[in-house]
Asker: 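The structure's right below; bear with me while I get my questions together.
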2 protein chains.
Amino acid sequence: MVRMSAEERRESVIRAATAEFARGGYYGTSTEVIAKRVGVSQPYLFRLFPSKKAIFLAAAERCVEDTIRTFEEASEGLEGEEALHAMANAYTKVIAERPERLMMQMQMFVTVAAAEEAGEHEFGESVRAGWMRLWDTVHLPLGADVKETTTFLAYGMLINCLVAMGFPPEHRVWEGLYPSAREKGRLEK
Amino acid sequence: MVRMSAEERRESVIRAATAEFARGGYYGTSTEVIAKRVGVSQPYLFRLFPSKKAIFLAAAERCVEDTIRTFEEASEGLEGEEALHAMANAYTKVIAERPERLMMQMQMFVTVAAAEEAGEHEFGESVRAGWMRLWDTVHLPLGADVKETTTFLAYGMLINCLVAMGFPPEHRVWEGLYPSAREKGRLEK
DNA sequence: AACGTAAGTTAGTACTCAATCACTAACTTC
DNA sequence: GAAGTTAGTGATTGAGTACTAACTTACGTT
C-alpha cells in the first residue's frame with residue numbers, strides 16, 4: 001500500500017476514470033472498477049470526489065484540456081497548411097497512443113443528452129464550452145477559415161467514430177483520411 | 001389494454017427502445033422505462049426478446065437500415081453533386097425529425113468497445129458491417145470517389161456530435177456545414 | 001516519544017434492475 | 001362451446017451499486 005497526497009491520488013483517479021469511462025461510459029462503469037484500477041478502496045473515492053458524477057466531470061474536463069493542449073503545441077508558430085498537417089499528425093499520435101482520450105470524448109458527447117434531460121444543464125454547458133475552446137484553438141492556426149476548421153473537426157469526429165467501432169488501421173474505411181492517419185499502424189509498432 | 005400480435009409488439013418495442021437507448025445508452029436505460037413507453041409490463045419484453053442486449057441489437061440494426069434507406073431513396077437516379085445535395089438534404093431532415101436516430105448511432109459506436117471487451121465480438125462485427133453498407137450506399141452515388149465519400153461521412157459524424165452536445169441550430173458551430181444543415185431550425189417549425 | 005492530522009479501510013445500507021416463474025385473460029379453431 | 005394457443009401480468013429474486021459512518025494506520029512536527 002503506497003500512501004500518496006490527496007492531490008496526487010485525485011490525479012490517479014482521473015487517469016483511471018478516463019480509461020474506464022472511455023470503455024464503459026458513465027452508467028457502464030462502476031466506481032468499484034475505478035477504485036480497483038487506482039489500487040484503493042471504493043469508498044475512498046468519495047473522500048477525493050463528492051460523487052461519481054464529479055469524477056466523470058473531472059475526467060471529461062481533463063480530456064478536453066489535453067486535446068486542446070495537443071493542438072496548441074502542435075501548431076505553435078505554424079500557419080495554414082503547415083499547421084493543418086502538424087495538428088493532423090498530432091491527432092494521429094493521440095489515436096495510437098491515447099485512444100482512451102478519443103473514446104472519452106465520444107462518451108462525453110452521448111452523456112450530455114442524458115444529463116440534459118435529468119436537469120443537469122451544467123454538464124452540457126461545460127462540454128459545449130470545451131468544444132468552443134477546441135474550435136477556437138484550431139480555428140486560428142488554420143487562418144481563421146471557418147470552412148477549413150469545420151472540415152478539420154469533421155475528419156476528427158469521423159476518426160473518433162471509426163476508432164470507437166474498432167476498425168483496424170489497415171481497413172479500407174481509413175482510405176481517404178489524412179494520409180498521416182493511415183500511418184497509425186506503423187506508429188503503433 | 002390493447003392486444004397486438006407479437007410481431008407488431010416487437011415493432012413497438014424497437015421504436016420505444018430506439019428512443020430510450022438514444023437518450024440513455026445501453027447501461028443508462030432500464031427495461032422498465034422501455035416497457036413503460038410501450039405500454040406493456042416489463043417481464044413481457046423478455047417474451048418478445050431473449051435479453052436486453054437483443055433489444056439493443058434490434059434497435060441498432062433498425063437504425064442502420066433506416067439510415068441506409070434514407071440515402072438510397074434520396075440519391076435515387078442522381079449522381080455526383082446532385083446526389084450529394086439530395087443526401088445532405090435528406091440527412092438534414094433526419095436531424096430535425098428523427099434526432100433519436102442520430103443519437104442511437106452514437107450510442108452504437110460507444111457500445112462497441114464495451115461489448116468487444118466483454119467478448120461479444122458479434123456486436124462489433126454487426127456495427128462495422130452496417131457502417132460498410134452505409135459507406136457503399138453513399139459511395140456509389142458520389143461517383144465512387146473515396147475522398148468525396150469520406151468527407152460526406154465526416155460531416156455527418158460532426159453533425160451527430162454537435163447534435164449530441166445539444167448545440168442549438170442557430171449556434172455558430174453550425175457555420176461551415178452544408179448550407180442545408182443550417183435550415184434545421186426552419187424545418188423544425 | 002507523544003500528538004494531531006491526513007490517508008485509507010471495513011462493514012453496512014438503501015436501492016435499482018435484468019431475468020424467471022407461475023399464473024390469467026383473450027382470441028381461434030373445430 | 002370446449003380445447004388449444006397466444007398475449008399479457010404480478011410477485012419475486014439475486015446480483016450489483018452509489019454512497020455513509022465508524023474505525024484504523026501511517027506520517028510529520030515539536
Side-chain angles (χ1 to χ4, degrees), chain A residues 1-60 107 111 114-115 117-120 122-123, chain B residues 1-60 107 111 114-115 117-120 122-123:
Chain A
M1 196 245 286
V2 184
R3 261 172 95 97
M4 221 176 262
S5 81
E7 214 38 68
E8 283 175 303
R9 267 300 180 223
R10 257 184 282 266
E11 281 305 307
S12 312
V13 171
I14 289 176
R15 271 196 303 276
T18 301
E20 293 296 338
F21 281 133
R23 200 190 56 85
Y26 180 75
Y27 296 104
T29 303
S30 67
T31 54
E32 177 93 45
V33 314
I34 297 173
K36 277 242 173 70
R37 189 179 259 261
V38 176
V40 98
S41 73
Q42 179 263 347
Y44 187 48
L45 295 185
F46 294 87
R47 290 270 158 116
L48 302 169
F49 294 89
S51 66
K52 183 184 178 183
K53 241 167 255 170
I55 301 176
F56 187 81
L57 201 66
Q107 298 289 0
T111 307
E117 214 145 325
E120 287 142 26
E122 334 87 35
F123 183 63
Chain B
M1 197 245 287
V2 184
R3 258 174 96 97
M4 223 176 260
S5 80
E7 213 38 67
E8 283 175 303
R9 266 300 181 224
R10 257 184 283 265
E11 281 305 307
S12 312
V13 171
I14 289 177
R15 271 197 300 277
T18 300
E20 292 296 339
F21 281 133
R23 199 190 57 85
Y26 180 75
Y27 297 104
T29 303
S30 68
T31 54
E32 178 92 44
V33 314
I34 297 173
K36 277 242 173 69
R37 189 180 259 259
V38 176
V40 97
S41 73
Q42 179 261 347
Y44 188 50
L45 294 185
F46 294 87
R47 291 270 155 122
L48 301 169
F49 294 88
S51 65
K52 184 185 178 184
K53 240 167 256 170
I55 301 177
F56 187 80
L57 201 67
Q107 298 290 359
T111 308
E117 214 146 325
E120 288 142 25
E122 333 89 36
F123 183 62

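Note that the coordinates shown come from a computational prediction; the quantities given were computed from them, not determined experimentally.
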Asker: Which whole-number value in Å describes the distance from A:F49 CZ to D:dT20 C1'?
Answerer: 19 Å
Asker: Answer with yes or no whether B:R3 presents, from its side chain, a donor or acceptor under 3.5 Å of a partner atom in the base of D:dG8.
Answerer: no
Asker: Side chain of B:S51, heavy atoms from C-beta onward: which of D:dA7, C:dA19, C:dG8 has the nearest atom to it?
Answerer: C:dA19
Asker: If you compare all heavy atoms of B:F123 against all heavy atoms of B:A115, which two are closest, and at what distance to 0.1 Å?
Answerer: CD2-CB, 3.8 Å
Asker: Output the rounded distance in Å from NZ (B:K36) to P (C:dT16).
Answerer: 11 Å
Asker: Does a distance-only test, which skips hydrogens and angles, find a donor-acceptor pair under 3.5 Å between the side chain of A:R9 and the base of C:dG8?
Answerer: no
Asker: Could you report the tightest heavy-atom contact between B:Q107 and B:G25, atom names first, then the distance?
Answerer: OE1-CA, 3.2 Å
Asker: Just call it for B:S41: base, sugar-phosphate, or nothing, with non-hydrogen atoms closer than 4.0 Å on any strand.
Answerer: base
Asker: Taking atom C1' of D:dC19 as reference, at what distance in whole Å does atom CG of A:L48 sit?
Answerer: 14 Å
Asker: Output the rounded distance in Å from CE (B:M4) to P (D:dT9).
Answerer: 11 Å
Asker: Nearest whole angstrom, please: distance from the P of C:dA7 to the OH of A:Y44.
Answerer: 5 Å
Asker: Closest approach of B:R9 and B:V2, non-hydrogen atoms and distance?
Answerer: NH2-O, 2.7 Å
Asker: At under 4.0 Å between heavy atoms, what does B:V2 touch on the DNA or RNA strands: base, sugar-phosphate, or nothing?
Answerer: sugar-phosphate
Asker: Can you check the B:F46 CZ to C:dC17 P distance for me, whole Å?
Answerer: 12 Å
Asker: Let's see if you can work this out: which of C:dA11, D:dT9, D:dC23 has an atom nearest to the side-chain heavy atoms of A:P43?
Answerer: C:dA11
Asker: Which residue is it: B:K52, B:K36, B:R37, B:R15? I am looking for the one with a salt bridge (charged side-chain N to carboxylate O under 4.0 Å, His left out) to B:E20.
Answerer: B:R37
Asker: Of the candidate nucleotides D:dA21, C:dC17, C:dA19, which contains the atom at the shortest distance from the side chain of B:S30?
Answerer: C:dC17
Asker: Using a 3.5 Å distance criterion without hydrogens, assess whether the side chain of B:Q42 forms a donor-acceptor pair with backbone atoms of B:T31.
Answerer: no
Asker: What is the distance from CG of A:L45 to P of C:dA7, rounded to the nearest Å?
Answerer: 14 Å
Asker: Return yes if the base of D:dC19 and the side-chain atoms of A:Q42 contain a donor-acceptor N/O pair under 3.5 Å, otherwise no.
Answerer: yes
Asker: Counting just side-chain N and O atoms, does B:T31 come under 4.0 Å of either OP1 or OP2 of C:dA18?
Answerer: yes
Asker: Hey, which of these two, A:E7 or B:P50, hits DNA chain C nearer its 5' end, going by closest nucleotide?
Answerer: A:E7
Asker: Taking atom P of C:dT16 as reference, at what distance in whole Å does atom NZ of B:K52 sit?
Answerer: 15 Å
